[in-house]
Amino acid sequence: MHSITKIETIDVFSDEPVVEKYIMTANFAVEVEEELTGKYKEKELMFFAYKDDMACKVGDRCLVFLRYGTELEHLINKEKVAPYYPIYLGSPIDSYYKIRDDDNAYGKFPEGIDVNTLIARIKEYRLKYDSFL
């Protein structure tokens with residue numbers, strides 16, 4: 001599990017000045033509370049994502065399923081982009097979930113899913129498909 005500690009807006013589509021609220025992409029800094037997959041050793045991670053997709057703000061708790069090595073050949077300012085990014089594989093666990101006070105995770109399951117159930121699915125998915133990532 002992760003707690004969002006910082007959101008740094010980055011425009012990767014233009015070098016022209018743009019009002020920050022219209023920039024769609026950002027680096028998210030997350031403090032790692034519990035590592036579920038054995039893939040990440042850092043206590044804090046930076047990952048790149050679309051702000052609207054994440055729908056998280058500083059202080060929110062999230063589960064984030066990440067891949068290393070963002071492929072950004074066509075984007076501008078790629079040297080500013082964090083090294084991790086959410087995985088989009090149509091997997092049964094999707095990429096990231098916001099955890100609310102009811103201890104349900106919201107993301108792919110708009111109605112919410114129990115955090116422990118989601119964690120079990122993530123672990124099962126990673127064991128089964130880890131060789132593809």
Side-chain angles (χ1 to χ4, degrees):
M1 284 193 247
H2 308 88
S3 179
I4 304 287
T5 58
K6 180 175 141 184
I7 300 172
E8 175 187 292
T9 301
I10 295 175
D11 189 355
V12 294
F13 299 109
S14 173
D15 273 335
E16 302 297 320
V18 180
V19 177
E20 186 171 329
K21 70 178 182 178
Y22 297 118
I23 298 174
M24 301 183 314
T25 53
N27 285 334
F28 291 79
V30 291
E31 180 182 351
V32 179
E33 298 173 15
E34 180 185 358
E35 208 291 314
L36 302 176
T37 64
K39 292 289 183 187
Y40 317 114
K41 305 298 181 217
E42 299 93 339
K43 292 294 181 193
E44 182 177 81
L45 291 170
M46 292 284 290
F47 68 94
F48 175 78
Y50 285 89
K51 293 190 297 185
D52 288 349
D53 290 345
M54 277 299 296
C56 287
K57 61 184 183 304
V58 173
D60 287 347
R61 292 178 65 225
C62 298
L63 284 173
V64 186
F65 191 34
L66 300 173
R67 180 179 223 168
Y68 183 81
T70 314
E71 297 175 13
L72 300 168
E73 297 306 317
H74 62 288
L75 300 179
I76 296 168
N77 299 322
K78 60 185 172 190
E79 71 282 351
K80 296 180 181 178
V81 173
Y84 291 100
Y85 67 102
I87 296 176
Y88 298 97
L89 295 178
S91 74
I93 53 88
D94 212 18
S95 298
Y96 36 77
Y97 292 84
K98 183 175 178 178
I99 301 169
R100 297 193 183 153
D101 291 340
D102 61 1
D103 272 340
N104 281 333
Y106 296 84
K108 181 175 182 169
F109 305 97
E111 70 283 1
I113 183 172
D114 175 71
V115 171
N116 292 325
T117 302
L118 180 60
I119 289 170
R121 288 185 184 192
I122 290 171
K123 288 179 178 180
E124 179 183 344
Y125 179 84
R126 286 303 294 257
L127 287 172
K128 187 174 181 180
Y129 295 103
D130 201 36
S131 61
F132 297 115
L133 304 177

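Numbers here are sequence positions counted from 1.
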task: Quick one: closest heavy-atom pair of Glu20 and Lys51, and the distance?
output: O-NZ, 3.5 Å
task: Please list, chain by chain and in numerical order, all residues satisfying side chain to side chain contact (heavy atoms under 4.5 Å, CB included) with Phe13, sequence neighbours excluded.
output: Asp11, Met24, Thr25, Tyr50, Leu75
query: Can you get from Ile119 to Tyr106 by hopping between Ile, Leu, Val, Met, Phe, Trp and Tyr side chains that sit under 4.5 Å apart?
result: no
message: Taking transitive links into account, so neighbours of neighbours count too, which hydrophobic residues share a cluster with Tyr22 at under 4.5 Å side-chain distance?
response: Val18, Val19, Ile23
query: Do Ile4 and Val30 have side chains that get closer than 4.5 Å, going by heavy atoms?
result: yes
Heavy-atom check, side chain of Thr5 versus side chain of Val58, under 4.5 Å: no
Sole residue of Tyr85, Tyr84, Phe28 in ring pair (Phe, Tyr, Trp, His ring centres under 6.0 Å) with Phe47: Phe28
- line: Interatomic distance, CG@Asn104 vs CD1@Ile113, rounded to 0.5 Å, equals 8.5 Å
message: Please give me the minimum heavy-atom distance between Lys98 and Cys62, naming the atom from each residue.
response: CA-SG, 4.1 Å
- prompt: Got a donor-acceptor contact below 3.5 angstrom from the Asn27 side chain to the Lys80 backbone?
  reply: yes
- request: Grab the two heavy atoms, one from Leu118 and one from Ala105, that are nearest each other, plus how far apart they are.
  value: CD2-CB, 3.6 Å
